[in-house]
Structures are given as C-alpha cells and as structure tokens.
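Since the structure is predicted, the reported quantities are computational estimates derived from the model, not experimental observations. Just so you know, these numbers use all the heavy atoms, side chains as well, and skip hydrogens, waters and symmetry mates.
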Amino acid sequence: MQEKKLSVFVITRFGLGQRLKSFYDREFVYIENFLANSIKEQKKYITKWIILIDKETPEYVREKIKKLVPTDLLYIHFQDPFETGSLNPNIFAILQDIGVKTNDKIVTIRIDSDDVLANDYVKTVLNTLNKKNLIDKNG
C-alpha cells in the first residue's frame with residue numbers, strides 16, 4: 001500500500017457459521033444480483049472487496065463468489081467460527097494479510113450481503129474525508 005493514498009476496503013460477511021445448502025441457495029441471489037452490481041459500479045474507488053466466508057462454504061458457492069467481480073478487486077477470507085469461537089473475524093489481521101501497513105490511510109466499509117451501496121456512496125465518503133481534511137489529521 002502507498003503511504004499517502006487512501007485505500008477503500010468494502011467488507012461483507014456471507015454465511016459465517018452456516019452449514020445449510022438452503023441458506024446459500026436462498027441468500028446468494030442477493031449478493032449476486034444486488035451487492036456485486038453496486039460494487040462493480042464503484043470499483044474505481046474500491047481497493048478490495050473482502051468477502052468473509054465460512055471455511056465450510058460449499059465449493060459451488062465458492063466458485064460463484066469468485067465470479068462476482070474481477071479477481072483483482074476480490075479477496076475471499078475463509079474462517080471457521082467454530083474454531084475461533086467468534087463470528088467476527090480479525091479485520092486488522094486480514095488487512096495485514098493483503099498488504100496494508102500500520103501507517104496506511106484506509107477506509108473500511110462494512111455492508112451486509114443482502115444490501116447495496118448507493119451509486120455514489122464510496123465517492124461521497126471519500127469526498128467528505130477530503131473536504132473535511134480528515135485524511136491527514138493524524139499523520
């Protein structure tokens with residue numbers, strides 16, 4: 001990551017703790033038809049879309065997730081909530097795994113898998129940060 005460049009990471013949990021095929025069959029339609037499209041619309045502002053999935057996510061679902069957006073935009077993190085004892089992954093560790101350094105300027109946006117980002121959401125967040133000069137306040 002570059003030190004002065006502001007990077008945007010959109011984070012979505014999908015199916016953590018799920019073991020039922022019916023869940024994936026019912027819920028995948030939302031991430032595929034709504035959220036992924038809103039991510040693609042704003043991809044020029046997004047560094048990575050991080051999708052947090054269960055370690056036991058069926059292979060057919062994993063393959064479908066890989067096709068949601070271009071591979072350079074997508075990062076899939078596998079977690080076993082039963083092993084870690086939490087449905088909340090360590091976002092700091094995940095960001096480190098994809099190259100974020102301690103002094104990097106980043107924005108994280110968390111969105112549910114069945115929601116969408118407004119067409120100008122990420123741009124508005126970035127414009128607000130720049131307008132209020134929040135980016136360089138502490139570093």
Side-chain angles (χ1 to χ4, degrees):
M1 300 284 123
Q2 297 174 0
E3 189 173 324
K4 288 294 181 184
K5 183 178 183 281
L6 188 65
S7 299
V8 176
F9 298 93
V10 177
I11 303 167
T12 304
R13 294 182 340 161
F14 183 64
L16 290 177
Q18 288 295 326
R19 298 291 191 260
L20 300 174
K21 181 182 183 308
S22 61
F23 167 83
Y24 293 106
D25 292 344
R26 180 184 68 242
E27 297 296 320
F28 193 81
V29 67
Y30 299 111
I31 196 171
E32 179 179 40
N33 294 317
F34 299 107
L35 181 54
N37 289 332
S38 71
I39 296 288
K40 285 187 263 188
E41 285 291 320
Q42 298 178 78
K43 68 181 176 185
K44 70 180 178 180
Y45 304 109
I46 299 170
T47 306
K48 285 284 183 206
W49 181 21
I50 301 169
I51 301 181
L52 311 170
I53 65 172
D54 196 281
K55 187 177 174 182
E56 298 299 322
T57 299
E59 187 61 32
Y60 80 95
V61 176
R62 291 178 185 206
E63 290 303 315
K64 288 170 76 170
I65 289 172
K66 290 177 187 175
K67 296 176 183 173
L68 291 175
V69 295
T71 56
D72 63 329
L73 185 60
L74 184 63
Y75 179 80
I76 301 170
H77 174 78
F78 303 96
Q79 177 170 329
D80 185 347
F82 299 105
E83 181 180 293
T84 62
S86 175
L87 290 176
N88 298 315
N90 182 336
I91 299 302
F92 180 74
I94 294 167
L95 291 171
Q96 281 185 319
D97 285 346
I98 58 177
V100 175
K101 306 284 186 260
T102 301
N103 292 325
D104 287 347
K105 307 287 186 180
I106 68 167
V107 173
T108 58
I109 299 169
R110 187 195 172 294
I111 186 161
D112 291 337
S113 59
D114 59 353
D115 290 336
V116 297
L117 294 170
N119 289 336
D120 64 346
Y121 183 79
V122 178
K123 181 180 178 182
T124 301
V125 168
L126 293 173
N127 285 341
T128 301
L129 290 171
N130 286 321
K131 188 177 191 179
K132 299 200 183 270
N133 197 22
L134 296 173
I135 295 171
D136 291 320
K137 289 277 187 200
N138 293 318

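Once rounded to the nearest 0.5 Å, the distance linking CG of Asp112 with CD1 of Ile11 reads 12.5 Å. With rounding to the nearest 0.5 Å, the separation of OG1 in Thr128 from NZ in Lys123 is 11.5 Å. Separation of atoms NZ (Lys105) and CG (Asn103) is listed at 7.5 Å; rounding is to 0.5 Å. In this structure, CZ on Phe9 lies 11.5 Å from CD1 on Ile94, to the nearest 0.5 angstrom. Rounding to the nearest 0.5 Å places CG of Asp54 at 8.0 Å from CD of Gln18. Taking NZ of Lys48 as the start and NE2 of His77 as the end, the distance is 15.0 Å to the nearest 0.5 Å.
Looking at heavy atoms from C-beta onward, Ile53 lies out of side-chain contact with Val61 at the 4.5 angstrom threshold. With a 4.5 Å cut-off on side-chain heavy atoms, Ile50 and Leu95 count as touching. When side chains are defined from C-beta on, Leu16 counts as touching Pro89, because their heavy atoms get closer than 4.5 Å. Using a 4.5 Å heavy-atom threshold, the side chains of Ile76 and Arg62 count as separate.
In the hydrophobic clustering of ILVMFWY residues, with side-chain heavy atoms under 4.5 Å counting as a link, Leu73 and Val125 come out together.
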Which atom pairs, one a donor and one an acceptor, fall under 3.5 Å between side chains of residues 27-37 and the rest of the protein, sequence neighbours left out?
| unit_1 | atom_1 | unit_2 | atom_2 | d |
| --- | --- | --- | --- | --- |
| Asn33 | ND2 | Val29 | O | 3.2 |
| Asn37 | ND2 | Asn33 | O | 2.7 |

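Checking side-chain atoms of Gln42 against main-chain N and O of Tyr121 turns up a donor-acceptor pair under 3.5 Å. Remark: side-chain polar atoms of Ser38 are not paired, donor with acceptor, to backbone N or O of Val116 under 3.5 angstrom.
With no hydrogens or angles considered, no side-chain donor-acceptor pair links Tyr45 and Asp120 at under 3.5 Å.
The aromatic rings of Tyr24 and Phe14 sit perpendicular, their planes meeting at an angle over 60°, well past the 30° parallel limit.
Closest approach of Ile91 to Leu52, counting heavy atoms only: CD1-CD1, 4.0 Å.
Exactly one of Ile111, Thr108, Thr47, Ile51 qualifies for a side chain to side chain contact (heavy atoms under 4.5 Å, CB included) with Val10. That residue is Ile111.
The neighbour count for Lys67 NZ, taken as heavy atoms of other residues, nucleotides or ligands under 6.0 Å away, does not exceed 12.
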